[in-house]
Amino acid sequence: MTGRETAYRPADSARADQLLFGGPLVYDFGFARHDGKAGTASVSQWLRSLPAPLAIVLTLAARVDRAALTQVLLAELGQGLARAFLLLAANRALLQLFAGAPTPQRITAALPALAAIGAVSALSALLSALSTAATGRLEPRIENAVTQEILHHAVRAELEAMEDEGFHRILDSARFAADYAKRMIGQGVAVLNSLIGLIAAGGVLAVLDWRLMPLLILIAAPRAWGSVRTARRRYLSVQTWLTHIRAINALLGLLTSKDAAAEVRVHQLGPFLVDQYQAMARRAEAEQTRLARERAGTTLLASTLSGAATLATYAVLLLLLLNGQVAMAVAGTAALAIRTGVGSIGTLVSQINTVYDSSLYVADLAELRQAGPRRAIPTGGDPIPVGPALLELKDITYTYQGRTTPAVRQVSLSVAPGQVVALVGANGAGKTTLVKIICGLLRADGGTMQWAGVDFTGADRENWFGRIALLGQDFERWPLSARCNVLLGDVERPDDDEGITEAARQAGALAAVEALPHGWDTIITRGYLRSAELSGGQWQRLGLARTMFRAKAALVIADEPTAALDPASEIDTFAKLRALTADGTSVLLITHRLAATRLADHIYVINDGTVTEAGSHQDLLAAPLVPGGYRDLFQRQATEYGTATVLPPRTPNDAAAATEVS
């Protein structure tokens with residue numbers, strides 16, 4: 001490959017998305033299923049789908065702050081009555097002002113009505129302030145209540161549910177219900193306000209002259225149609241725009257990414273990616289322009305129809321006035337009422353559209369409320385004995401949903417107190433599934449599991465979670481302080497700084513923590529003040545410290561605990577795990593590094609979901625050589641990595657085996 005100056009011709013804007021992402025970039029999350037629905041839903045769909053989410057929000061509001069909800073409802077009702085009163089008072093004032101008496105007398109006669117208008121206007125402003133204050137009090141409380149409910153379902157769900165695509169989509173979508181439920185309070189207030197305003201205007205027209213009612217319908221109908229069309233156009237415009245923005249932002253993130261920086265430069269990807277970015281940006285601009293023209297056309301047509309209806313309405317009013325069928329004061333009041341009603345129509349339609357959009361996400365909360373309890377970890381059961389004990393599995397079988405072949409078949413094993421037991425086998429052999437069953441994260445389809453003689457079928461799983469410690473190869477690297485990353489091993493010891501430090505010392509992580517710019521208070525991720533990053537090996541040691549801090553664990557499960565460590569650190573880590581057994585703690589070790597299994601008291605070889613070999617290291621090396629068996633794999637690794645000379649033998653038999661391998 002030769003060095004060259006690369007120049008790209010402008011990319012085809014229609015092909016940029018296809019080339020980079022295989023088509024439009026659409027999120028594959030639960031919430032994405034609602035994209036575009038509010039822009040295409042019919043009025044009947046609105047009416048059918050709104051009651052249930054509205055009931056959820058109103059029930060939540062009544063539960064978290066009934067007084068605030070009552071205040072909002074009364075304030076909005078008061079404002080509606082005030083609007084009606086103001087229109088009638090205006091009619092009264094106009095009657096007096098258009099009377100045949102001298103001007104001073106007419107003004108004097110109109111003063112009570114004008115004073116009432118001023119007083120009710122002030123009262124209406126006060127009611128509006130009270131409604132705003134109560135709404136502001138309700139919104140965060142509803143958001144908090146919904147968030148807590150979602151978190152409750154999330155942390156209580158079975159691991160199998162969290163790994164199930166359908167349930168996780170419900171949970172993912174329901175996460176947005178907190179924000180949208182909060183929004184529905186303000187949106188609902190706006191709908192209620194507009195609806196009351198419309199009713200007030202219609203009621204006043206009915207009181208003045210029933211023949212004026214059709215005039216309101218005449219002018220409101222095209223306005224309502226225009227509002228619906230405009231709201232939908234606006235919504236679809238935003239949805240289309242978001243599709244482009246997602247793609248643009250994804251590409252922008254790659255261009256500015258620290259992780260991608262080296263390859264962008266070495267492979268000279270910059271000009272190509274920038275050109276694709278510009279192509280997508282041009283397409284987004286063109287799409288926005290097109291949608292803006294369509295919205296402008298819809299708005300123009302709606303305004304024309306509304307204007308024509310308004311002109312016809314005032315022409316009818318003028319005709320009635322000239323024929324003496326209505327008084328001047330009535331005509332003036334009718335004009336005010338019609339204007340109020342028409343304004344309320346536009347706001348009402350727009351707000352109903354937003355309420356419908358929000359209701360889609362709130363409805364997801366209802367779906368989670370049904371699915372959550374069904375998929376939750378059962379509470380209660382037989383207590384699990386505290387302290388070291390014998391763990392026994394007999395004929396354990398498990399098949400994942402949607403599959404016909406068991407991931408684990410007829411597995412029997414035991415882990416005695418103070419023992420290190422190793423599980424070895426190829427990737428996909430079933431080791432991780434078996435570990436999840438032992439942890440209580442998955443319930444076996446068949447067989448039994450017992451701890452100290454207590455059968456797990458009726459055991460309290462929360463109890464069991466408190467008896468074990470799990471150090472997985474993909475343990476969570478919490479973007480929290482170094483102290484909190486260890487504390488999360490046992491949150492019942494929040495003030496045990498001495499224990500945290502000792503756990504870090506035992507795990508060999510103390511030096512790395514003390515070298516951090518802010519020590520234990522350093523946030524272990526980039527992007528914050530007082531933050532820094534750890535290497536993979538340092539993280540592995542910190543994860544081990546978290547496990548060691550979990551003093552109440554009677555069983556420690558270590559799944560590939562040395563994946564990111566160098567050979568010397570690996571030996572040290574295995575020695576530390578072995579040391580945990582001094583007080584009777586059992587250690588279940590899952591590893592591909594067969595040199596580490598020499599430290600184990602017993603080894604189980606898992607292949608194709610079942611135990612194919614079992615015994616001590618010496619027993620398995622003494623067994624006949626079988627391709628793919630323990631002896632074969634151990635000898636291959638020992639030859640390739642020199643394992644036999646790295647780990648010191650624990651017994652004379654180990655020394656003999658090492659001599660045989662060498």
Side-chain angles (χ1 to χ4, degrees), residues 154-155 157-160 162-163 420-424 427-428 430-442 464-494 496 499-513 516 520 522-526 531-566 569-580 585-593 596:
V155 300
E158 293 272 17
L159 179 64
E160 195 173 54
M162 295 298 289
E163 293 176 346
V420 175
V421 173
L423 294 181
V424 301
N427 289 331
K431 303 187 302 297
T432 299
T433 301
L434 188 59
V435 165
K436 290 177 180 178
I437 293 172
I438 293 173
C439 287
L441 298 173
L442 297 177
W464 178 236
F465 293 151
R467 307 285 184 266
I468 61 176
L470 176 63
L471 175 61
Q473 58 179 320
D474 297 321
F475 66 92
E476 189 64 35
R477 302 184 179 192
W478 298 97
L480 306 170
S481 70
R483 177 183 289 101
C484 195
N485 263 280
V486 177
L487 171 65
L488 291 176
D490 190 350
V491 292
E492 294 179 2
R493 303 163 59 190
D496 191 1
I500 290 174
T501 303
E502 178 60 20
R505 186 192 65 76
Q506 292 177 1
L510 187 57
V513 172
L516 292 171
W520 283 107
T522 304
I523 301 173
I524 314 179
T525 188
R526 288 293 185 186
S531 67
E533 289 182 334
L534 294 178
S535 68
Q538 290 171 328
W539 262 116
Q540 200 98 42
R541 290 181 179 277
L542 199 65
L544 181 60
R546 185 187 303 163
T547 301
M548 291 183 166
F549 185 65
R550 195 170 178 82
K552 61 185 179 182
L555 173 65
V556 173
I557 301 173
D559 186 358
E560 298 290 356
T562 62
L565 297 180
D566 57 73
S569 298
E570 181 180 21
I571 296 170
D572 183 52
T573 298
F574 285 136
K576 288 176 169 39
L577 288 171
R578 181 79 207 184
L580 291 175
T585 298
S586 305
V587 175
L588 184 61
L589 175 65
I590 300 91
T591 182
H592 286 92
R593 310 284 183 92

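Worth knowing before you read on, the calculation uses all heavy atoms, side chains too, and leaves out hydrogens, waters and symmetry mates.
Taking CZ of Phe574 as the reference point, atom OG1 of Thr591 lies at 4.5 Å (rounded to 0.5 Å). Interatomic distance, CG of Leu534 versus CG of Leu516, reported as 5.5 Å (0.5 Å rounding). In this structure, CH2 in Trp520 is found 5.5 Å from OG1 in Thr501, a value given to the nearest 0.5 Å. The distance from atom CZ of Arg546 to atom CD1 of Ile500, rounded to the nearest 0.5 Å, is 11.5 Å. The CG atom of Asp559 sits 9.0 Å away from the CG atom of Leu423 when rounded to the nearest 0.5 Å. The distance from atom CG of Leu580 to atom CG of Leu555, rounded to the nearest 0.5 Å, is 11.0 Å.
In this structure, Trp539 contributes its side chain and Glu533 its backbone to no donor-acceptor pair below 3.5 Å. The backbone N or O of Leu510 sits nowhere less than 3.5 Å from a side-chain atom of Arg505 that would complete a donor-acceptor pair. Of the possible polar contacts, one joining the Arg493 side chain to the Phe549 backbone as a donor-acceptor pair under 3.5 Å is found. Listed for the Arg541 side chain is a donor-acceptor partner under 3.5 Å among the backbone atoms of Ala507.
When all heavy atoms are compared, the tightest approach of Ala157 to Met162 is CB-SD, 4.0 Å. Between Lys431 and Val424 the shortest heavy-atom distance is CD-C, 3.6 Å. Closest approach of Ala469 to Thr547, counting heavy atoms only: CB-CG2, 3.9 Å. Between Gln540 and Glu560, the shortest heavy-atom distance links the atoms NE2-O, 3.6 Å. Heavy-atom minimum distance, Ala512 versus Gln538: CB-NE2, 3.7 Å. What you find for Thr525 and Pro479 is that their closest heavy atoms are CG2-CB, 3.8 Å.
Atom CH2 of Trp478 has 12 or fewer heavy atoms from other residues, nucleotides or ligands within 6.0 Å.
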Could you check Leu577 against Val420 for side-chain contact (heavy atoms from CB on, under 4.5 Å), going step by step and ending with a plain yes or no? CA-CA 8 Å; Leu577 288 171; Val420 175; over 6 Å; no
So Cys439 and Ile468, side-chain contact (heavy atoms from CB on, under 4.5 Å) or not? Walk me through it. CA-CA 7 Å; Cys439 287; Ile468 61 176; 4.0 Å; yes
The test is side-chain contact (heavy atoms from CB on, under 4.5 Å); show your working for Asp490 and Asp496 and say whether it passes. CA-CA 10 Å; Asp490 190 350; Asp496 191 1; over 6 Å; no
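No side-chain heavy atom of Val556 sits less than 4.5 Å from a side-chain heavy atom of Leu471. Taking 4.5 Å as the limit, some side-chain heavy atom of Leu542 sits within range of a side-chain heavy atom of Ile524. Contact of the Leu480 side chain with the Leu488 side chain is registered, since non-hydrogen atoms from C-beta on lie closer than 4.5 Å.
A cation-pi arrangement is absent between Arg467 and Phe465 under the rule of less than 6.0 angstrom and at most 45 degrees off the ring axis.
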